[in-house]
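Nothing fancy with the numbering, it's 1 onward along the sequence. Treat the numbers as computed from the prediction; the structure is a model and nothing was measured.
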Amino acid sequence: MSTEENPAAAPRSLAEALRGRDDVSLAALLRSRPDLITPVPTDLTQLATRAGTRASVVRALERLDRFTLQTAQALAVASDPATYDELLGLMAGDDGDPAVSAALPHALGTLRAQALVWGGDDRLRLVRTARELLAPSPQHPSPTGLGPTVREAGAGISPGRIQEILATAGLPSTHDSVSALNALAGLFDDPERMSALLDQAPSESVEVLERLVWGPPYGQVTADPAPRLRWLLDRGLLLPTAPGTVVLPREVALRLRAGRAHRTTEPVPPPVEAAAAHRPQLVDATAAGQAYTALATVEELLKDWHEGGPAVLRAGGLSVRDLKRTAVALDVPEPVAAFWVELAYAAGLLASDGEADERYAATPAYDEWRERPAGERWARLATAWLAATRTPGLVGERDAKDRTLSALGPGLDRSAAPEVRHRVLALLAGLPEGAAPDAGSLLARLRWERPPRADRTGGGAPSPYARRAPAQPAEGTRGVAARAGGPGAPGYPADGASGAGGEDDLRSRLARWTLAEAEMLGVTGRGALSSHGRALIGAPPAPRHADTRTEPAGPGDKLPVHHRQTPVPPALSPAEQATAAAAAGRLLDPLLPEPLDHVLLQADLTAVAPGPLERPLADMLGVLADVESKGGATVYRFTPASVRRALDAGQSAADLHAFLAAHSRTPVPQPLAYLIDDVARRHGHLRVGAASSYVRCDDDAVLNEILADRRAAGLGLRRLAPTVLAARTDPAVLLEGLRAMGFAPAAESAEGDVLIARADAYRTPPRTPPEPVPDGPPVPDDTLLAAAIRAVRAGDLASTAPRRPVAGAADTAPGELPRTTAAETLAGLQAAVLTNDTLWIGYVNAEGGASQRVIAPIRVEGGFVTAYDHTADEVRTYPLHRITGVAEIAE
């Protein structure tokens with residue numbers, strides 16, 4: 001039975017509407033609006049109150065798609081309550097729109113499910129806070145471009161003036177202003193009489209109406225309006241709201257708009273179009289190449305900071321100079337270097353050491369990460385990127401206090417980043433396999449799913465419907481003009497523009513950054529989502545594209561959209577994300593090149609690695625030679641300094657010869673063998689120790705040469721014996737000074753043994769990756785939802801069940817705890833044990849918090865009552881002295 005057939009069944013409040021829902025519907029509400037469950041409300045009345053608070057309603061409106069938001073905006077300008085037919089007329093217009101008619105039930109269902117609308121189809125009510133936010137006002141124009149109603153706009157007009165308007169409009173006079181405004185509103189609501197009135201209007205007056213009809217509806221006039229304006233004012237088609245200000249009444253605007261609340265409704269989300277199509281195998285190969293480059297870049301970054309990276313700024317983060325130095329070392333632009341630094345930080349591979357002279361360095365987790373298979377290492381980076389709220393694209397910009405945002409520094413967290421990243425990848429997953437998206441259509445889809453703030457409330461930014469040209473001023477008047485600085489002023493977006501700014505603009509930028517970062521990371525290849533990228537977000541296999549083209553389309557050439565795009569996959573739970581990441585890593589592993597165990601030595605003192613090298617070979621070659629160029633093949637160059645670096649690390653000349661012979665597919669060139677032998681012959685010929693420091697050498701002629709060299713003057717050398725020199729400097733400075741003079745000394749210990757100057761890796765203490773900044777309360781899981789709904793139901797039973805007071809007990813007002821004496825309380829509980837009745841009690845806990853509960857007493861003894869608590873859905877024991885009173889539940 002509908003509410004029309006049974007008016008008594010219609011809910012009178014949002015709380016009553018929630019009370020009529022089943023548990024599944026309540027769970028859907030709490031899942032879509034998790035702020036309502038933090039903390040768990042005591043009953044449904046409190047839940048309804050919380051659902052109507054401004055902060056909660058604003059948050060819910062921000063998460064509506066464009067058409068559902070337009071439906072809420074239409075309800076805000078409809079009568080209260082409104083019927084479904086009235087709402088349909090505002091959305092589809094007088095001529096009707098089949099697409100709007102088909103989509104409206106789902107949009108209205110979404111508003112009902114989120115407790116923004118309640119009531120049956122004959123009495124639709126928007127919650128009061130949402131109506132206040134979306135209804136038009138002079139300070140906050142509605143995105144619909146509509147103004148106040150005739151009754152609202154005419155409330156300040158004198159009764160005499162209202163009667164003059166009625167007479168000029170051809171209506172009979174009334175006895176009071178209220179009935180006069182009702183008669184005027186009835187005229188504007190009548191299509192035939194309104195058409196007849198407009199047929200009499202001068203063309204100039206009609207032009208003024210046309211310029212105001214889509215909003216903003218306010219304008220300014222002089223004390224002596226032009227004739228075309230006077231004609232409108234005399235008939236109530238424009239009504240004064242303040243001295244010099246007029247407004248187009250809502251009823252007039254709707255009649256001129258053919259009943260539409262919006263100029264353009266968007267019941268169907270815009271499709272994401274494909275700009276180019278590639279073979280899926282090419283996409284996967286390209287993405288795998290990018291994934292390998294990503295792993296190599298992160299390793300190179302942390303290898304560059306192997307012995308301790310740059311210092312941490314006092315305010316936190318990386319200095320501009322250190323970021324530039326890192327970009328040069330990685331051979332990438334600075335914004336890209338910031339991305340890799342932030343990615344390593346988000347993955348827990350990089351952190352600050354926390355020392356007094358704080359520096360950045362690799363974490364112990366980096367060593368474990370390096371030993372994992374390539375697919376697992378990539379999956380860890382990709383998962384960290386998906387979940388991170390830190391936004392590298394903001395590096396170099398300025399915050400609200402005009403401070404530069406630095407890499408690894410504060411102020412880079414944006415809670416919307418993970419959602420936007422997942423949404424972009426999910427939309428890419430909806431395209432046919434191998435299809436690269438058109439960026440414009442992708443951004444348009446995202447704006448439809450999460451409209452800019454201007455489209456939500458019209459308060460913070462101009463509405464896309466708020467553009468109009470000012471009317472031409474009549475001679476001697478200013479006519480109707482846009483308010484200076486307000487909606488309609490120059491510089492506001494034209495119709496159809498987003499009008500987005502601030503956080504809204506950030507979402508579009510996040511989407512663009514996501515496309516670029518996904519390509520660098522190897523989630524996408526040539527703009528299309530790869531197979532391991534699909535697995536990363538848990539997307540199903542993509543449909544095959546009917547188009548046979550396998551190469552990019554020409555400029556401006558868009559491929560046809562698949563008629564059934566794959567459903568967008570939902571966000572994954574942490575456990576599901578870990579499973580998906582492991583699956584993505586397994587898909588990527590076969591696509592990555594196998595590590596090689598050999599290089600090609602050349603006569604010009606270089607070695608060519610034709611692909612990725614096995615880790616021991618790469619590590620050793622990185623010590624023995626310097627990287628000269630990178631790409632598909634890496635070129636290493638051997639120099640005296642690099643060979644000496646290998647000797648300082650404990651290698652001998654024989655070890656180096658054996659290493660090169662074992663790992664070269666070509667014979668070891670003679671120049672390279674001579675270089676190693678020459679450096680090894682001189683290496684360790686001099687010995688440096690502590691005196692402060694000393695130098696000893698069996699060949700006194702070498703010491704004489706050092707003493708005679710002017711460059712040794714700063715070392716403070718003096719001869720202690722024919723083969724020993726003492727110095728005032730410490731051994732490290734002396735070692736570097738002699739090497740700068742062209743010698744090749746070796747350090748020795750106090751026992752006279754040669755010290756192996758192995759480059760020990762510097763690591764921070766164990767660190768956890770940075771926690772993402774949550775975008776509001778987390779979505780509750782099924783267990784929490786079930787417990788919360790059970791508690792809310794029980795609390796609602798306690799607060800709404802009709803009570804039958806115990807004989808002699810004082811009457812209690814609604815909402816108050818029952819009050820009975822100790823004897824009456826004990827007698828009531830004992831009687832309930834014998835009759836198996838359910839009681840309503842008031843209870844005060846040890847902290848002094850008062851609550852009401854519904855219990856079924858089981859036994860009363862020793863100053864305690866043991867009962868089944870319907871509120872908590874469990875058996876509990878309560879001290880009798882903490883029970884304020886009891887009352888029976890009426891049958």
Side-chain angles (χ1 to χ4, degrees), residues 77-80 135-142 145-213 215-257 468 470-483 486:
V77 298
S79 56
D80 188 22
S137 68
Q139 293 77 23
H140 300 287
S142 169
L146 294 171
T149 63
V150 170
R151 298 173 182 83
E152 294 169 347
I157 303 177
S158 65
R161 176 58 181 160
I162 294 178
Q163 297 302 325
E164 292 177 3
I165 292 175
L166 288 182
T168 307
L171 298 174
S173 61
T174 63
H175 298 290
D176 56 77
S177 299
V178 174
S179 58
L181 292 174
N182 289 338
L184 191 60
L187 168 63
F188 297 153
D189 285 335
D190 190 327
E192 294 183 1
R193 291 193 294 165
M194 185 64 178
S195 298
L197 179 62
L198 292 176
D199 289 342
Q200 304 171 12
S203 59
E204 295 85 356
S205 300
V206 174
E207 183 182 354
V208 172
L209 294 178
E210 290 175 349
R211 293 177 178 178
L212 293 173
V213 65
Y218 293 93
Q220 294 178 344
V221 296
T222 62
D224 183 21
R228 64 178 183 276
L229 300 176
R230 173 59 62 188
W231 193 94
L232 298 172
L233 290 167
D234 289 344
R235 289 158 181 79
L237 296 173
L238 290 180
L239 293 176
T241 59
T245 303
V246 294
V247 67
L248 180 69
R250 187 181 306 170
E251 293 86 347
V252 178
L254 286 173
R255 190 52 50 201
L256 294 172
R257 296 178 178 193
R468 64 173 175 83
Q472 295 295 328
E475 185 177 354
T477 69
R478 288 189 298 160
V480 178
R483 293 189 173 204

What pair of heavy atoms forms the shortest contact from [X] to [Y], and how long is it?
X    : Y    : result
D234 : T168 : O-CB, 3.3 Å
L238 : L229 : CD1-CD2, 4.5 Å
V252 : L248 : CG1-CD1, 3.6 Å
L146 : P136 : O-CB, 3.1 Å
L166 : P172 : CD1-O, 3.8 Å
Q163 : A180 : NE2-CB, 3.8 Å

Answer yes or no: is there a donor N or O on one side and an acceptor on the other, between the side chain of [X] and the main chain of [Y], under 3.5 Å?
X    : Y    : answer
N182 : V178 : yes
R250 : P148 : no
E251 : T149 : no
R151 : L181 : no
R255 : M194 : no

Margin query: Here's a test for you: under side-chain contact (heavy atoms from CB on, under 4.5 Å), which of V246, L232, I157 qualifies with L239?
Written below: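 Looking at V246, L232, I157, the match for L239 under the side-chain contact (heavy atoms from CB on, under 4.5 Å) is I157.
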Notebook entry, point to check: How many angstroms lie between atom CG of L184 and atom OG of S177, to the nearest 0.5 angstrom?
Noted result: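 If we round to the nearest 0.5 Å, L184:CG and S177:OG are 12.0 Å apart.
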Next item on the list: Take W231 and E204 through the side-chain contact (heavy atoms from CB on, under 4.5 Å) test and state the conclusion after the steps.
Entry: CA-CA 10 Å; W231 193 94; E204 295 85 356; over 6 Å; no
Side chains of [X] and [Y]: closer than 4.5 Å at any heavy-atom pair?
X    : Y    : answer
L256 : L198 : yes
R235 : L187 : no
F188 : L254 : no

